[in-house]
Amino acid sequence: MGLVTWSVGVLFLSTLLLCSADVHHYEFFVRESKFKKMCNTSTLLVVNNSYPGPEIRVHRGDTVFVNVHNRGKYGFTIHWHGVKQPRNPWFDGPEFITQCPIRPRTNFTYKIILSEEIGTLWWHAHSDWTRGSVHGAIVILPAENETYPFPTPDGEQTIILESWYNGNFKKIIDKALAAGTPPPQPDAYAINGHLGDTYGCPTDTIFRMEVDYEKTYLLRIINAAMNEQQFFTIMNHTLTVVAVDASYVRRFKSDYILISPGQTMDVLVSANRNAGQYYMATRPSSDSDVPPVDFITTGIFQYTNFVGGSNASLITLPAMNNTDAMLNFISRIRNTNVTQNPPINVPVDTDINRRVFITLAVNDLPCKNSKCVVSDGFAASLNNVSFVYPHIDVLQAYYSRNIRGVFAENFPFLPPEFYDFTGNLTGVVSAVEVGTRAICVNYGDAVEIVLQSTQMGAGGSHPIHLHGYSFYWVGAGFGNFNGETDPSTYNLVDPPLMNTIDVPGTGWVAIRFFANNPGVWYMHCHFERHTSWGMSTVLIVRNGSTIETSIRPRPSTMPRCHRT
């Protein structure tokens, strides 16, 4: 019954959008460019010589074609983060999951099919660590026959939070993986490519947002950082959260936001203070035993025609390890029953026919590379399986049926052993295996996935992203998940729709969704170091019984894999 209700609601929404849907075309030229920051010059791979890259600006329900020209020295792909791509996994983008890399001196055109997404999403490279410099915003405005579920803002501003390294992102992770050592910490954090005034280099620039008194602005905030959750604030101004991950939420006010890598948030702010210059600021948030470097990066929220210094000499942000501040913010995120959102249709207990319980861990594996400087290198796993990228994309192998040995359809639906995941691990030895193993479900299944953090490694949170879907975040808690009692605490009334969810370092989260988008969809931690070590898997949603419930045919223009 739930899937039928969802289908009727989306059909109605889709009919409205198709009446005014448009087609857009973009050209992305990806090449190396030099950037000077922190009094150093770094060479980065970027799009159209810009860091961050160009903004894609569309209306809800539109279709976008992006022709990507690789003028760099190595292959890469681009992912359209949070875009569901109905029946269209071919253009989702993750390397060796849905396509092989775009080789140097070639080009590939992505077809991006927007459906119910609204607000802010983003695009980024999905190969090694290249997304650190190859990324940009996707702004999805209301369709022509729609309005905002709040008063139309007087202006808007995209704000991208980033990690800055004095070096090439791919070279940094390649060197670390070869040596078996963790990658280095970032040298700074950035706001829209600017490092602000806290790093001591006189030539560094600071991002400025100019505003008019008594006007209200919509901030489109994206966390593009590599491995860091981020607090963000504008001094002396109240932020009103209106959307998360391109879905409207019940509005709430806060002095700050907490945003995980991969997430997007739409926030209203009114310029209603004394005219002046106010700091905006960001710093990392962490509950790990090995936290990120605690830098504060600044920008300026500047009232028009004001000349003078900052009105706020002190920047007040929660401390990096302030877990109360983390919880106080995320616990207020709720769905909202507005006409601009799809009808709320949470799978209820009697709907669920696929349950998956997944433990998240950082592990050790023998380092066998000739460049190793340690005997045991780092690995990361889901249910003790550390993901290995194949040399032919999983989607091609799955779709063609005649390419064998690329992946296995046997990802474990339970961890191989149960222990005190968030407690004392003395004496616990949890063996890890490597492989390319997929979760397979049928079209129309009602799926529940419980994600359980462990204290393996340094512990800490994990922002988990599922491609091809927005899921309902129905539950969360601390300690070890109890399948008998914890489901009674689920929020099945107004859980938010999200595509990236943060799993607390000493706890668990539960998500639910209907498997109504056939295809091969990547699920992974959005801390890039963990994905590099193998904290990922693939969700395969088998075709339904009709053309409309099946994967679209394979485009003839897909980049060729080296081994085909």
Assess whether ring-ring contact (aromatic ring centres under 6.0 Å, His included) is satisfied between His24 and Phe65, documenting all intermediate values.
-> CA-CA 6 Å; His24 306 262; Phe65 291 90; over 10 Å; no
Taking side chain to side chain donor-acceptor pair (under 3.5 Å) as the test, write out the residues that go with Tyr165, two or more places apart.
-> none
Do Glu116 and Lys84 pass the salt bridge (Lys or Arg N to Asp or Glu O under 4.0 Å) test, and can you show the C-alpha distance, the side-chain angles, and the key distance before you say yes or no?
-> CA-CA 9 Å; Glu116 61 197 35; Lys84 297 177 184 64; 3.7 Å; yes
Criterion side chain to side chain contact (heavy atoms under 4.5 Å, CB included) on Leu141 and Arg60, from CA distance to verdict = CA-CA 6 Å; Leu141 301 168; Arg60 188 182 209 172; over 6 Å; no
Is there a side-chain contact between [X] and [Y] (heavy atoms, below 4.5 Å)?
X      : Y      : result
Met235 : Thr316 : yes
Arg512 : Tyr490 : yes
Ser133 : Val46  : yes
Ile112 : Phe91  : no
Asp494 : Thr336 : no
Thr216 : Val269 : no
Ile501 : Phe471 : yes

With the threshold set at 4.0 Å, does a side-chain nitrogen-carboxylate oxygen contact exist between Arg283 and Asp294?
-> yes
Can you name the closest pair of heavy atoms from [X] and [Y] and give their distance?
X      : Y      : result
Ser33  : Asn49  : OG-OD1, 2.9 Å
Asp255 : Leu239 : O-CD1, 4.3 Å
Pro518 : Pro89  : O-CD, 4.1 Å
Gly193 : Glu162 : N-OE1, 2.7 Å
Asp351 : Val346 : OD2-O, 4.4 Å
Tyr472 : Asn345 : OH-N, 2.9 Å

Near-ring test His124/His135, centroid separation under 6.0 angstrom = no
Hey, do the aromatic rings of His524 and His530 have their centres closer than 6.0 Å?
->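 No: the rings miss the under 6.0 Å criterion.
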Could you tell me if [Y] and [X] have a donor-acceptor pair between their side chains, going purely by distance under 3.5 Å?
X      : Y      : answer
Thr77  : Gln99  : no
Thr43  : Lys34  : yes
Ser536 : Thr531 : no
Ser270 : Glu214 : no
Ser163 : Glu228 : yes
Thr298 : His194 : no
Thr98  : Asp92  : no

Taking the side chain from [X] and the backbone from [Y], do they hold a donor-acceptor pair closer than 3.5 Å?
X      : Y      : result
Ser50  : Pro52  : yes
Asn499 : Ser470 : no
Asp187 : Asn166 : yes
Gln302 : Met209 : no
Gln340 : Thr147 : yes
Asp62  : His59  : yes
Trp123 : Ile56  : no
Gln263 : Thr500 : yes
Arg131 : Ala225 : yes
Asn517 : Arg87  : yes

Specify whether His462 and Phe527 have parallel, tilted or perpendicular ring planes, treating 30° as the upper limit for parallel and 60° as the lower limit for perpendicular.
->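 His462 and Phe527: tilted rings.
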Take the angle between the ring planes of Trp122 and His526 and call it parallel below 30°, perpendicular above 60°, tilted in between.
->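 Ring orientation of Trp122 relative to His526: tilted.
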Atom [atom1] in [X], atom [atom2] in [Y]: separation rounded to 0.5 Å?
X      : Y      : atom1 : atom2 : result
Leu161 : Ile222 : CG    : CD1   : 9.0 Å
Ser461 : Gln229 : OG    : CD    : 4.5 Å
Asn322 : Ser286 : CG    : OG    : 12.5 Å
Ile464 : Met535 : CD1   : CE    : 6.5 Å
Lys215 : Tyr303 : NZ    : OH    : 13.0 Å
His81  : Thr264 : NE2   : OG1   : 7.0 Å

Evaluate the side-chain hydrogen bond (donor to acceptor under 3.5 Å, both in side chains) criterion for residues Asn67 and Glu27: first the C-alpha distance (whole Å), next the side-chain angles of each, then the deciding distance (0.1 Å), finally the verdict.
-> CA-CA 5 Å; Asn67 189 7; Glu27 298 287 332; 3.3 Å; yes
Under the ring-ring contact (aromatic ring centres under 6.0 Å, His included) criterion, do Phe150 and Tyr148 qualify, and how do the steps go?
-> CA-CA 5 Å; Phe150 45 81; Tyr148 293 103; 5.2 Å; yes
Qualifying residue, where the test is ring-ring contact (aromatic ring centres under 6.0 Å, His included) with His69 and the options are Phe28, Tyr26, Phe29 = Phe29
Testing Phe35, Tyr189, Tyr199, Tyr51 for ring-ring contact (aromatic ring centres under 6.0 Å, His included) with Trp164, which one passes?
-> Tyr51
Sort out for me which residue in Thr233, Asp197, Asn236 forms a side-chain hydrogen bond (donor to acceptor under 3.5 Å, both in side chains) with Tyr279.
->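 The option that passes is Asp197.
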With sequence neighbours excluded, tell me which residues meet salt bridge (charged side-chain N to carboxylate O under 4.0 Å, His left out) with Arg220.
-> Glu156, Asp266
Would Phe329 and Phe252 satisfy ring-ring contact (aromatic ring centres under 6.0 Å, His included), going step by step from the backbone distance to the final call?
-> CA-CA 10 Å; Phe329 180 82; Phe252 66 93; 5.4 Å; yes
Does the pair Tyr522 and His126 meet the rule for a ring-ring contact (aromatic ring centres under 6.0 Å, His included), with working shown?
-> CA-CA 11 Å; Tyr522 197 35; His126 216 301; 5.6 Å; yes
